[in-house]
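Per chain, numbering begins at 1; letters A, B, ... match sequence-line order.
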Amino acid sequence: MHLLAIDIWFILEKVTLIAVIIGLSFFIAMYTTYAERKVAAWLQDRRGPNRAGPFGLFQPLADGGKLFFKEEIIPLTSNRFLFILGPALAMITALITSTVIPWGASYVDGTTQIALQVADVDMGILIVFGIVSVGVYGIMIGGWSSNNKFSLLAAIRGASQMVSYELPMGLSLIAVLLMTGSLKMSEIVAHQIQHGWHILYQPLGFIIFFVCALAECNRTPFDLPEAENELNFGYHQEYSSMKLGFYLFAEYINMFISSAVMATLFFGGYDIPFVDESAWGLSPLLFSLMSFAVLMAKVLFFLFVFIWIRWTIPRFRYDQLMNLGWKKLIPLSLVNMLITAALTLWLNK
Amino acid sequence: MNITPYIFWFLSVMALFSALMMVTSRNPVYSVLWLISTFFAISGHYILLNAQFLAVVNIIVYAGAIMVLFLFVIMLMNLNRETEPQKNRWLKLIGALAGGCLLLVMVAALKDAELQSQQAMVGTGSIGLIKVLGKELFTRYVVPFEISSLLFLSAMVGAAVIGKKEPAQTLKS
Amino acid sequence: MPINYYLFLSLALFSIGMVGVLTRRNAIIIFMCIELMLNAVNLLLVAFSKMHHLKNLAIDPMVGVDGQLFVFFIMVVAAAEVSVGLAIIVMMYRNVHSVDIQFLNRLKH
Amino acid sequence: MNTMRLTNRAKAVDRRPMTFLESLYLWSIAKGMFTTLKHLFRKKATIEYPEEKRPFSPVFRGLHVLNRDAEGRENCTACGLCAVACPAEAITMEAAERLPSEAHLYREEKYAAKYEINMLRCIFCGLCEEACPKDAIYLSQTFAPANYARKGFIYKKDELLIPHPIHQREAYEQALGDRKPATKA
C-alpha cells in the first residue's frame, strides 16, 4: 500500500498542489466571469464593466460580495437537504477533475522530483470521464429538490443532454488513446511532445470533442438547461445567494477544466510547438514555471473561444440538439475512430 | 503504520449503511442517492484492491449512467414518499427475517471454510490495470466481448421498441 | 486484507439487497436492490481475483485477470438489463399508472 | 414589377434547398465567428456618461433658468406672458412690488414673489422664452434630473434662478452653457 502509506513530505507536497490548483480554479473562474462580460461587450461594440477598480478588475469581487450578502431563500416545499446538496455536488465534481491534469513539466532538481500533477494515475482520462458523468447529479438533484416543475424539466433536459454528449466525447477520445496507447495524462502529453500535437492527426476528433465540451459545460449553443430569458432560467430557478453562485461558478470552473483537458489532449499540454525547450538549459524551476505558463496560455485561448462562441452562435432547439448528438456526432466519431484504428494498424504493421 | 485497514473499515461501513438506507428510505429518490453512495463505496474498495479499471468503470457505468436512468424514471413518474406503495408490516418482517436467515446461513457455512487464512492482495498488483485487462479481453475473451456488444445492440433495440408509444397515443408535435 | 472480510461484507450487502427485494413493492426499488446484489457479487469476484493473484503470483503473473473480466461482463449485462428493465417499468407505469408490483398480479387472470 | 424600389439593397430570397456542404453550416459558422471577431477591434460606441457627455445641438432646450442681469438683479417682472404662452400651462407666478431697499435684487419695480414651473407638465417647447419681453427666462442645456416625488418636479424660484454673476461667477458661467443669451445692458 505504498500509495497510502504516510509520508509527510509527500502529503504536504500534494496538499499544497491541491490548494494551489483549487485556488487557481477559483481565481480563473472569477476572472472568466469578468472576461465573459468584457468580451461580450467588445463583441457588441460596448465597453463592458469598468467602474469597480481599474478597468473594472474588481467587478468579480463585487459580484461575489453581492451574491454572498443576498438573502438566502430556501423554498418551503423544497427538499432542504438535497437543495443544499445540489450546488455542493456541482462544485465538488467541477473541482475534482483537475486532479489528473498535468499542469506543467515536473520540477526535477537532482534527486528531488515534484510533479505538477496531483495524481498521475493509469486511468487518467477515464477518471475525468467518471467525474464528468457524476456531475449530472448536481443538476438533477438541484432541479428536483426545488420542487418546481420548470426546474425539474430543465434539470432533466440538462441531464439527458450531458449523458448523450458524453458518448461522442468518449468515442472521439478513443481515437486519441489509440494513438498514444495510454490513458495516463502525462504519457499523452509526452507522446505529443515527441510526435507532434494530436490536433494535427485528429482534427475531426478535436472538433467533436470541442462541441461535446461545449455541451457538457452547458455553454451556448447548448445552454438549454439554463436559458435565462426564454426557458425560465433552468434548473437553478429557485436558487438564490451563494447557492446560485455555486452553480454559476461551477459552470465556469468546468469551462476552465475542460479547456485544460482539451489543451492537454489535443494541443500538447505544456509543450511549446516547434522548439525543444528542454535543450535551452533553463533552471528547473524556471522550466516548470514556463511549461505551466504555456499550458495556461492555451487554456486562456480556449476560454476566449468559449466566450466568443457564446456571443456569436444562437442557441439550438432541443430536438436539434439531440439530433446533432445522436445522429451526427456519434456516427462521425465512430467513423473517426475506425479510420484511426485502421491507420494505426496499417502503420504499425 | 498502515492506513489500509482504516480505509477498508470506513468504506465497508459506508457501503453497508448506505445499502441499508437505500432499502429502508421511503422516498425513491433518496433510495437512488443512497445506492449511488453504496456504489462509490464499492468503487473505493476496488481502488483499495488496485482494480483501477473496474473502479472507474463502476463509477462511469453504474453511478454515471444506470443510476441517472433510474433517477430520470423516478423524477418523470413523480414518485415520492406519498405515492410509495407499502407492504404490510408482517410481510416486511418476514422478508427481513428471510434475508437475515440467508445471511446467517451463509456466514455459518463459510465461517469455517478453508479460505480463512487466505489474503486478498491489497494496493499492489498489476492485474487491475487497463493494459493487462485489455490485452486479455481482446485476445482470450474476444468472443464473449463481441457477443456482449451484440447483447447491447439487442438491448438498445429492445428498449427503444418497448419504450415507444403506441401510434394511436402519439401526440402530433 | 483477509479474504474473510470481503466475503462477509459482500454477503451482508447481498442480504440487504435480498431483504429489499422481499420487503418493497416499488418495482424500481426492487430493480435497484438487484443491482446492489450484483454489485456485492462483483466486489467478491474482484477480491477473489486478487486472492488468487497473490497465491499464484510465482506461477503465473496473469492469474486472476479472469475474475476482473467477469466483473466487466457483469457490468455489461447489468447495463443492458437496466435499459430493457426500465423500459418495461415505464411501459407498466404508462398502462396502470403505478409502479406497484402488486398490480402485476392481474396478469394471472 | 411595378413596386417602387425604396433602396438598391433589396435582394431576392434564395429558396433553393441547401446543398450538403451548406447544411453542415461550417462555412456559415466560420463567417459568423469572423464577423463577431471583427467587432472586437471596432471603435466602442459607448459614451461613459457622467465623465463624458454628448455635445448638445445648438437648438437643445433643457430646464428653465430665470435670468439675472450683469449686476445680479432678477430680470423677471412677473408680467405673466410666459404663463399665457405656455401650451402646457406649466407656469404659475405671483407678482409683488419692489421695496426701495430691494433695488439691488430686482431690476424693475415689479418682480415675481413666487415663480413655479411644473416640469412634469412642461413640454420644453421654448414658447415662454420667446414670449418673455425682458429676456428673463430661457431654456438651458441641463435636462431634468430624477426625483423621488412628484412634488420635487415642481421647481420653485430658488431652483430656477441662475447663480449670481458676481458672487458665484463659476456657477453662473456653467449655468449659462454654450448659449449665452444676449443680456440687455
Side-chain angles (χ1 to χ4, degrees), chain A residues 35-56 59 168 203-208 210-211 213-215 219-222 300-317 320-321 323-325 327-329 331-333 335-336, chain D residues 6-57 60 62-63 141-149 152 170-171 174 177-178:
Chain A
E36 172 114 72
R37 297 169 67 174
K38 253 334 203 200
V39 172
W42 288 338
L43 292 179
Q44 296 164 355
D45 295 344
R46 295 184 287 116
R47 276 175 209 278
N50 61 356
R51 292 283 146 169
F55 306 107
Q59 189 67 38
L204 182 62
F206 170 69
I207 290 174
I208 296 169
F210 185 71
V211 171
L214 282 175
R219 292 291 293 185
T220 337
F222 305 100
L300 292 184
F301 170 72
F302 277 119
L303 285 177
F304 171 72
V305 175
F306 267 96
I307 296 170
W308 180 19
I309 286 178
R310 169 159 183 191
W311 297 102
T312 305
I313 296 176
R315 185 177 296 135
F316 277 104
R317 214 169 52 212
Q320 291 170 335
L321 178 132
N323 261 333
L324 181 72
K327 295 189 189 158
K328 309 242 159 61
L329 289 184
L332 257 182
S333 50
V335 167
N336 186 42
Chain D
L6 294 174
T7 61
N8 292 325
R9 288 174 297 179
K11 249 192 224 166
V13 179
D14 187 1
R15 292 200 189 280
R16 280 172 301 177
M18 284 193 287
T19 59
F20 173 71
L21 267 182
E22 277 172 335
S23 69
L24 284 179
Y25 291 109
L26 280 180
W27 174 239
S28 316
I29 289 173
K31 234 166 56 178
M33 299 294 280
F34 184 67
T35 306
T36 43
L37 191 66
K38 255 190 333 205
H39 278 265
L40 198 61
F41 305 107
R42 287 259 178 95
K43 190 172 166 297
K44 309 299 172 220
T46 316
I47 286 174
E48 286 172 76
Y49 168 60
E51 290 98 39
E52 202 184 327
K53 283 179 187 144
R54 238 175 249 274
F56 289 117
S57 83
F60 181 84
L63 288 178
Q141 288 184 335
T142 47
F143 40 92
N147 208 310
Y148 286 108
E170 273 175 34
Q174 205 184 342
D178 302 335

> With side chains defined as the heavy atoms from C-beta onward, is the minimum distance between A:Phe304 and D:Leu40 less than 4.5 Å?
Replying inline: yes
>> Are A:Trp42 and D:Lys44 packed together at the side-chain level, in the sense that at least one heavy-atom pair is separated by less than 4.5 angstrom?
In response: yes
> Can you name the closest pair of heavy atoms from A:Arg46 and D:Thr46 and give their distance?
Replying inline: CA-OG1, 3.4 Å
> Heavy-atom distance under 4.5 Å to chain A: side chain of D:Lys38, backbone, both or neither?
Replying inline: neither
>> For A:Ile313, which atoms come within 4.5 Å of any heavy atom of chain D: side chain, backbone, both, or neither?
In response: side chain
>> Quick one, D:Met33 and A:Ile309 - any side-chain contact, counting heavy atoms below 4.5 Å?
In response: yes
> So, A:Trp308 and D:Thr36: side-chain donor and acceptor under 3.5 Å apart, yes or no?
Replying inline: yes
> What part of D:Ile29 gets closer than 4.5 Å to chain A, counting heavy atoms only: side chain, backbone, both or neither?
Replying inline: side chain
>> Taking CZ in D:Arg54 as the centre, count heavy atoms belonging to other residues, nucleotides or ligands within less than 6.0 Å. Is the count above 12?
In response: no
> Does D:Glu52 CD have over 12 foreign heavy atoms under 6.0 Å away?
Replying inline: yes
> Going from CZ on D:Phe41 to CG on A:Leu43, what distance comes out if it is rounded to the nearest 0.5 angstrom?
Replying inline: 9.5 Å
